[in-house]
Undergrad: 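Once you've had a glance at the structure underneath, I'll fire off some questions.
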Amino acid sequence: MKKIYKAHILYTKEKNSFEVLENGYVAVDADGRVTGVSKDLASLDSDDAEVVDFGDRLLIPAMNDMHVHAPQVRNQGVAMDLELLPWLQNYTFPEESKYADTHYAEKMYRHFLHTQWLFGTMRSCVFGTVHTESTRLLMKLYQEAGMGALVGKVAMNRHCPDALCEDVETAIEGNERLIAEFNHPDALVRPIMTPRFVPSCTPELLKACGELANKYQLPVQSHLSENTSEIAWVAELEPESTSYGDAYNRYGLFGQTPTIMAHCVWTGGIELDLMKRNNVMVAHCPTSNFNIASGMAPVRTFLEEGLHVGLGSDISGGHDLNMFRMLVYAIQVSKMQYQQNHDKHFLTLPEVFWIATKSAGSFFGKVGSFEPGYEFDALVIDDSVLNIDNYSLLERLERYIYLGDDRQIEHRFCRGKLIPEPKVC
């Protein structure tokens, strides 16, 4: 059934400014796509449409988490005094090994999805583990919840514990099974090719991953130039590559199909040029980059160069699944960079909102805006507890982003459907 929602509507068609419709209307068809947005109900096709009035609430696009490790949910806020490589060996890999047990996986994954739902994240690019059945379970849980996700069975066969090491044939066979079950056009939950990072994958495995992505036209996700020690390690392992990014590119994993790379803290020069040519998206993960002492990604440069950028929570390197906090952290990181280089102005609120919604959403299709043709992923915010004075609508949104939490999110929509609270164990 067609729906028309009335509320104070805020979204970003362009990165430098908000569209603000006080007491506006957005029309959504039976397939969950926006057919119009207006300050005037009469200008919309309201025949046979149910009008839902949210009163004084804010209506905004839902959040997208472009880089998150679902099996690391138990480790949030743990081992924050370690850098990347020792953190992986001592905490991350031992925890991910537990996901051979699907009962353990279900308990943790249900908690993970519930937390994403609480904070209004309706689409995600998700790392699972090497375990086919646990990854399948995660995808089924997303389907059950009605939330969108690209979910990856992680590929790794070197420099990792035996419990997480798969030979190439087994890794590809597991991915083939998930592809057969979930890789359907327009599905909300689909597979994504996920080599963990170059140090954990032999050339044979990287080549097989690239071939599989090309065969099924799967998107690709991995890590890139996160940490200086990691970059030096990749240079040793892939001496024929001109950059870390080129190491992926040589195996068909760098824009040959839609690709998103997390971090890119130290990306520049020929690597940045290659990303531009191949249209590779950046998943900026500010909390993780600080917690694991990786550095500050040059997001202003990425935007100036025309790269697509999204935001990622990257738990458990990051400690927070609230994507609204990522907007704040991204602005704060950029302000620190601005102090180092006044030629690179810090990010503004409309820019980071656009990054988190329309820019990030483009990886899933037409997601992240209320323009006609976009899928209706939306949050209804009751900010009355924060609205203690005569604030403008933009000030109300800003206060929610900086001060609010899940308690103010009254309703959550994904592809036009109201998403109820997911079950937890």
Undergrad: Has Arg399 got more than 12 heavy atoms of other residues, nucleotides or ligands less than 6.0 Å from its CZ?
TA: yes

Undergrad: Answer yes or no: does atom NZ of Lys2 have more than 12 heavy-atom neighbours from other residues, nucleotides or ligands under 6.0 Å?
TA: yes

Undergrad: What distance do Glu95 atom CD and Arg74 atom CZ have between them, rounded to the nearest 0.5 Å?
TA: 5.5 Å

Undergrad: Side chains of residues 280-288: which donor-acceptor partners sit under 3.5 Å, not counting sequence neighbours?
TA:
unit_1, atom_1, unit_2, atom_2, d
Ser288, OG, Asp314, OD2, 2.6

Undergrad: What I want to check is whether the side chains of Asn249 and Asn278 have a donor and an acceptor closer together than 3.5 Å.
TA: yes

Undergrad: With rounding to the nearest 0.5 angstrom, report the CD to NZ distance, Glu176 to Lys153.
TA: 12.0 Å

Undergrad: With no hydrogens and no angle check, do the side chains of Gln221 and Thr194 hold a donor and an acceptor under 3.5 Å apart?
TA: yes

Undergrad: Are Thr170 and Asp167 close enough that a side-chain donor and a side-chain acceptor fall under 3.5 Å?
TA: yes

Undergrad: Inspect the surroundings of NE2 in His103 and state if more than 12 heavy atoms from other residues, nucleotides or ligands are less than 6.0 Å away.
TA: no

Undergrad: Describe, in one word, how the ring planes of Phe197 and Trp233 are oriented to each other, choosing from parallel (under 30°), tilted (30 to 60°) and perpendicular (over 60°).
TA: perpendicular

Undergrad: Answer yes or no on whether Lys335 is positioned over the face of Phe346, meaning its NZ or CZ is under 6.0 Å from the six-membered ring centre and within 45° of the axis.
TA: yes

Undergrad: Run the numbers on Arg177 and Thr132 for side chain to side chain contact (heavy atoms under 4.5 Å, CB included), then give the verdict.
TA: CA-CA 8 Å; Arg177 286 170 53 196; Thr132 301; 4.0 Å; yes

Undergrad: Do Glu238 and Tyr244 meet the criterion of a side-chain donor-acceptor pair at a distance under 3.5 Å?
TA: no

Undergrad: Do Arg190 and Asn183 get their side chains close enough for a donor-acceptor pair, meaning under 3.5 Å?
TA: yes

Undergrad: Whether the side chain of Gln217 engages the backbone of Asn214 through a donor-acceptor N/O pair (distance < 3.5 Å, no angle test) should be reported.
TA: yes

Undergrad: To the nearest 0.5 Å, what is the distance between CD on Glu304 and CG on Asp343?
TA: 9.0 Å

Undergrad: Are there over 12 heavy-atom neighbours, none belonging to Glu14, within less than 6.0 Å of that residue's CD?
TA: no

Undergrad: Would you say CH2 of Trp117 has more than 12 non-hydrogen atoms from neighbouring residues, nucleotides or ligands within 6.0 angstrom?
TA: yes

Undergrad: Find the distance between CG (Leu311) and OH (Tyr329) and round it off to the nearest 0.5 Å.
TA: 12.5 Å

Undergrad: So, Phe324 versus Tyr402, ring centres under 6.0 angstrom or not?
TA: no

Undergrad: Thinking salt bridges, do Arg110 and Glu144 make one under a 4.0 Å N-O criterion?
TA: yes

Undergrad: Are Asp246 and Glu240 close enough, and set up right, to give a side chain to side chain contact (heavy atoms under 4.5 Å, CB included), and what steps lead you there?
TA: CA-CA 9 Å; Asp246 186 50; Glu240 295 181 9; over 6 Å; no

Undergrad: Would you say the ring centers of Phe353 and Phe18 fall short of 6.0 Å from each other?
TA: yes

Undergrad: Decide yes or no for Leu58 and Gln408: does some side-chain heavy atom of the first lie under 4.5 Å from some side-chain heavy atom of the second?
TA: no

Undergrad: Regarding Asp65 and Ser313, is there a side-chain donor-to-acceptor distance under 3.5 Å anywhere?
TA: yes

Undergrad: When you measure from the side chain of Gln76 to the backbone of His319, do you find a donor-acceptor pair of N or O atoms at a distance under 3.5 Å?
TA: yes

Undergrad: Have Gln72 and Ser316 got a donor and an acceptor in their side chains that come within less than 3.5 Å?
TA: yes

Undergrad: Of the options Pro195, Cys209, Ser222, Cys160, which is the one that meets Cys201 in a side-chain contact (heavy atoms from CB on, under 4.5 Å)?
TA: Pro195

Undergrad: Could you tell me how the ring of Tyr142 sits relative to the ring of Phe112: parallel (under 30°), tilted (30 to 60°) or perpendicular (over 60°)?
TA: perpendicular

Undergrad: Please name the residue in the list Lys13, Lys358, Arg33 that meets the salt bridge (Lys or Arg N to Asp or Glu O under 4.0 Å) test with Glu371.
TA: Lys358

Undergrad: With a 3.5 Å distance limit and no angle check, can you tell me whether Trp354 reaches the backbone of Ala360 through a side-chain donor-acceptor pair?
TA: no

Undergrad: Taking Leu218 as the fixed residue, which of Thr257, Asn175, Ile179 is the one that meets the side-chain contact (heavy atoms from CB on, under 4.5 Å) rule?
TA: Ile179

Undergrad: Supply the atom-to-atom distance Leu379 CG to Phe413 CZ, rounded to the nearest 0.5 angstrom.
TA: 9.5 Å

Undergrad: Is any side-chain heavy atom of Val73 closer than 4.5 Å to a side-chain heavy atom of His111?
TA: yes

Undergrad: Do the ring centers of Tyr109 and Tyr99 come within less than 6.0 Å of each other?
TA: yes

Undergrad: Would one find more than 12 heavy atoms of other residues, nucleotides or ligands at under 6.0 Å from atom CD of Glu421?
TA: yes

Undergrad: Relative to each other, are the rings of His69 and His67 parallel, tilted or perpendicular (30° and 60° limits)?
TA: perpendicular

Undergrad: Salt bridge or not between Lys366 and Glu375? Use side-chain N to carboxylate O under 4.0 Å.
TA: no

Undergrad: Would you say that more than 12 heavy atoms from the other residues, nucleotides or ligands in this model lie under 6.0 Å from the NZ of Lys344, or not?
TA: yes

Undergrad: Any chance you could measure Phe302, atom CZ, to Ile355, atom CD1, to the nearest 0.5 Å?
TA: 11.0 Å

Undergrad: Please step through side chain to side chain contact (heavy atoms under 4.5 Å, CB included) for the pair Ile331 and Leu349, ending with a clear verdict.
TA: CA-CA 8 Å; Ile331 290 172; Leu349 187 67; 4.2 Å; yes

Undergrad: Applying the side-chain contact (heavy atoms from CB on, under 4.5 Å) criterion to Ile60, which one of Ile381, Asp377, Thr12, Val380 satisfies it?
TA: Ile381

